[in-house]
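Numbers here simply count residues along the sequence, with the first being 1. Both backbone and side-chain heavy atoms feed into the values below; hydrogens, waters and symmetry mates do not.
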Amino acid sequence: MNAFCRSALPVLCLLLSGCAAEMNIRKGDGSYALGEYSQAATYYKKAYSALKPAEKELRAKTAYKLGCSYRHIANASKAVTAYRNAIRNGYPDSTVLRDMAGMQLMAGKPGDALANYRDYLELMPQDSLARVGLESCSLQIELKQNPTRYIVRKDPLFNGRYSDWSPSYSNREYDQIVFTSVRKECEGADVNPVTGMKSCDIFQSVKDENGKWQKPTRIEGGPNTEFEDGVTAFSPDFQTMYYTYGAWDADEPRMAQLMESHRSDASWGEGRPYSEKQDSSVNYAHPAVSPDGKWLYFVSDMEGGYGGKDLWRVPLDGSLVGAENLGPQINTPGNEMFPSFRLNGDLYFSSDGHPGMGGLDIFCAHSEDGTTWTVTNMGYPVNSHADDFGITFEQHRTRGFFSSNRDNTRGRDHIYSFELPETVHMLTGWVYEKDEYELPGATVYMVGNDGTNKKIGLKEDGSFSERVTPGVSYVMLATNRGFMNFKQSLTADSTDQDREYVLQFPLSSISKPVLIDNIFFEFGSARLTRESETSLDQLVSLLKDNPNVTIELGAHCDYIGNDESNLRLSQQRAESVVKYLERNGIESARLTPRGYGESRPVTVSKKQAEKYTFLHEGNELTEEFILGLADGQQQEICNQLNRRTEFRVLRTTYGMY
């Protein structure tokens, strides 16, 4: 080789490498414009490798385009590397900081993302998506440190080598499920330039007679084609399937459209467009049908939204023209996608525009009127730092399946099962005679604001146990022949932790005096103290719950002091109690005050004899008996027992005749 050739060869190699880079950049730009992000990434990567270190400006632009291509196919780690190369080579647009921060958050590196979001917001403080991203950096840590009780598992049966996502139950028995998948059985032969894999098809799995899911099979015929078919939803009668279809033309951008297929026996008919009236320049995807069958919800980037992809709805079987946007409580400047419903009407969707853990998070939107929404992040571990989406619930149960590309560095989607362990809230009640023993012959009636209405029998010890529902309010009424009714109320916590509640039902006899505990008067006076109000208020409630009862209020003294004075004071104290009851809504005709002074000493009951071992059942605590006790403390206990306020039932027919 002569000297000329030796000197020309390096120049020729440089020219060829420059041409190769330029050609790959042009091809990458063309693929990117068509939405063929996997193919675009291949071209940009080749171009970047061919560029020389001195070509910093072009290397920066190419690296940024490569990062954006990886971002669109959810390959967070490769996107971060490409964005770093763009910054290292001096990429001039600060947007690269925001885009890299989003990918760092999705890669599970909130600390790195936080720094880049802050740097970006110093330059662009009005960027609402960046502010959401900044908030999400802290939220990712917080939600992971405070996980919900959901149990999440990757489902080995439904997942193949590539991507599987968006499961949906497909029959009334909830023993059939369909999902979108990329696997060797898919009809299309070509590699999809958007994803770098084959085009997806719709697959199904059914449970056998033992309740075990069987190996998934491709739905033959019907909706599946050589192009993209998947992300399904069903009418309430499960006779119509709605799904997303994506065909492509070599020179046209990829646009998704909504399709429908009708069931005939066990097979599905050929798919056809959901609506003939739809804009061919707009994407329509991810259908969901409201539980009442009135609305079709879907995702679109049509004009009139809030940015990115939004959730919209139209009357079922109506035209897509004139669709209704779900509004700013749902939609954001980011992307809202993959809507689905629970049977209770709650809407679930995924978003990267609401604060979350990174990528797409699953949110629950609750509405009382169909227009105003309360949106809640489902938390960790249903959500992760990656994309989480496409959730479906098994009937009314809090379990089902969803999709995620967590723990997959290539951004491939897999199906996970989830289940919220059952929360058990138990109520234990005890029914007994006030100041005496259990009443196993009593009955408790329970009414709840969820429609509960039941009659509960008791065990031999007078107790009952009943399961209650979190967040539900109950009223319970204990009854027994010969006793006044007693009512209790309970609102079970809405917490998702197990709970046990205990309620007492002390029934008052209608045949003998009933002690009113904790009634106190000022010394030597008939003035009630504030400490008495709790017991008196309970007596007010008891009388209101037993409106046909009239009672005598009896006040008693011990033997200390003048007999006449004690009689007068006890009468005044009985009248004070009656006045309190009247002020609190009890008719005066139902109340008779009676002061007994020291004339009716206590006769010791079996329960009192068990408590005070120096006493015996049947002892009458007269002055003579008390003074016969050698222990001064025992004498004072007897005097305390005699100083009492009690009531006894006079009639049980008040107001009935």
Notebook entry, point to check: Can you check whether L542 reaches D545 side chain to side chain, under 4.5 Å on heavy atoms?
Noted result: no
Notebook entry, point to check: Among F341, Y174, Y348, Y169, whose ring-ring contact (aromatic ring centres under 6.0 Å, His included) with F393 holds?
Noted result: Y348
Margin query: Between T622 and E620, is the side chain to side chain donor-acceptor pair (under 3.5 Å) condition met? List the steps.
Written below: CA-CA 6 Å; T622 62; E620 189 175 5; over 6 Å; no
Checklist line | Ring center gap for Y432 and F486 short of 6.0 angstrom | finding: no
Next item on the list: Would you check if there is a donor-acceptor pair between the side chains of S404 and D388 at a distance under 3.5 Å?
Entry: yes
Next item on the list: Under the salt bridge (charged side-chain N to carboxylate O under 4.0 Å, His left out) rule, collect the residues that match up with E598, sequence neighbours excluded.
Entry: none
Note to self: For E436, is there any backbone N or O sitting under 3.5 Å from a side-chain donor or acceptor partner on K607?
What the structure shows: yes
Notebook entry, point to check: Under 3.5 Å, is there a donor-acceptor pair linking the side chains of R313 and Y297?
Noted result: yes
Next item on the list: Find out whether P236 and V289 are in side-chain contact, i.e. whether some heavy atom of one side chain is under 4.5 Å from a heavy atom of the other.
Entry: yes
Item checked: Close aromatic pair by centroid cut-off 6.0 Å: F402 and Y416 -> yes
Check: Quick check: does any side chain N or O of R583 sit under 3.5 Å from a backbone N or O of V578, one acting as donor and the other as acceptor?
Finding: no
Item checked: Whether S290 side chain and W295 backbone form a donor-acceptor pair below 3.5 Å -> yes
Note to self: Is the shortest side-chain heavy-atom distance between Q176 and V206 below 4.5 Å?
What the structure shows: yes
Check: Can you check side chain to side chain contact (heavy atoms under 4.5 Å, CB included) on R399 and L420, steps first, answer last?
Finding: CA-CA 6 Å; R399 68 187 185 203; L420 185 65; over 6 Å; no
Next item on the list: Write down the atom of F238, the atom of S170, and the distance for their closest heavy-atom approach.
Entry: CD2-C, 3.3 Å
Item checked: Closest contact, heavy atoms only, P339 versus A288 -> O-CB, 3.4 Å
Next item on the list: For side chain to side chain donor-acceptor pair (under 3.5 Å), just list the numbers for T423 and R149, CA-CA rounded to whole Å, side-chain angles, deciding distance to a tenth of an Å, and then say yes or no.
Entry: CA-CA 10 Å; T423 299; R149 296 172 62 249; 2.9 Å; yes
Margin query: Assess whether a salt bridge exists between E394 and R397, defined as any Lys/Arg side-chain N lying under 4.0 Å from an Asp/Glu carboxylate O.
Written below: yes
Item checked: Heavy-atom side-chain contact between L143 and N383 under 4.5 Å -> no
Notebook entry, point to check: Has the side chain of D346 got a donor or acceptor atom that lies under 3.5 Å from a matching backbone atom of H366?
Noted result: no
Check: Where is the tightest heavy-atom contact between G471 and T491, given as atom of each residue plus distance?
Finding: O-CG2, 4.5 Å
Check: Can you tell which of F389, F363, F338 makes a side-chain contact (heavy atoms from CB on, under 4.5 Å) with S351?
Finding: F363
Item checked: Nearest non-hydrogen partners of T550 and A589, listed with the distance -> CG2-O, 4.3 Å
Checklist line | Heavy-atom pair of closest approach, residues P355 and S136 | finding: CA-OG, 3.5 Å
Next item on the list: Mind checking ring-ring contact (aromatic ring centres under 6.0 Å, His included) for Y596 and listing every partner two or more places apart, or none if nothing turns up?
Entry: H556
Margin query: Closer than 3.5 angstrom, by distance alone: can the side chain of T645 be matched with the main-chain N or O of I519 as a donor-acceptor pair?
Written below: no
Notebook entry, point to check: Quick one: are V472 and V468 in side-chain contact, heavy atoms under 4.5 Å?
Noted result: no
Checklist line | Partner of M337 under side-chain contact (heavy atoms from CB on, under 4.5 Å), chosen from L360, L311, D310 | finding: L360
Checklist line | Nearest heavy atoms of V444 and M476, plus distance in Å | finding: CG1-CB, 4.1 Å
Notebook entry, point to check: Will you find, in the side chains of N377 and D361, an N or O donor that is under 3.5 Å from an N or O acceptor?
Noted result: yes
Item checked: Sidechain-backbone polar pair: D352 side chain, E336 backbone, donor-acceptor under 3.5 Å -> no
Checklist line | Step-by-step side chain to side chain contact (heavy atoms under 4.5 Å, CB included) determination, F614 to D631 | finding: CA-CA 10 Å; F614 67 93; D631 189 314; over 6 Å; no
Check: What residues, two or more places apart in sequence or in another chain, satisfy salt bridge (charged side-chain N to carboxylate O under 4.0 Å, His left out) together with K454?
Finding: E466
Next item on the list: Verify whether one side chain among N566 and N562 offers a donor that lies under 3.5 Å from an acceptor in the other.
Entry: no
Notebook entry, point to check: Does one side chain, of D537 or Y580, offer a donor that lies under 3.5 Å from an acceptor on the other?
Noted result: yes
Notebook entry, point to check: Is a side-chain donor or acceptor of H425 paired with a backbone partner of Q497 at a separation under 3.5 angstrom?
Noted result: yes
Next item on the list: Measure from the side-chain N and O atoms of N642 to the backbone N and O of V602, and report whether any donor-acceptor pair falls under 3.5 Å.
Entry: yes
Margin query: Has T148 got a side-chain atom pairing as donor or acceptor with Y380's backbone, closer than 3.5 angstrom?
Written below: yes
Notebook entry, point to check: Between F483 and E433, does a side chain to side chain contact (heavy atoms under 4.5 Å, CB included) hold up when you go through it step by step?
Noted result: CA-CA 8 Å; F483 294 85; E433 181 180 354; 3.5 Å; yes
Margin query: I'd like to know if the side chain of Q571 reaches the main chain of G595, judged simply by a donor and an acceptor atom lying under 3.5 Å from each other, with no hydrogens or angles considered.
Written below: yes
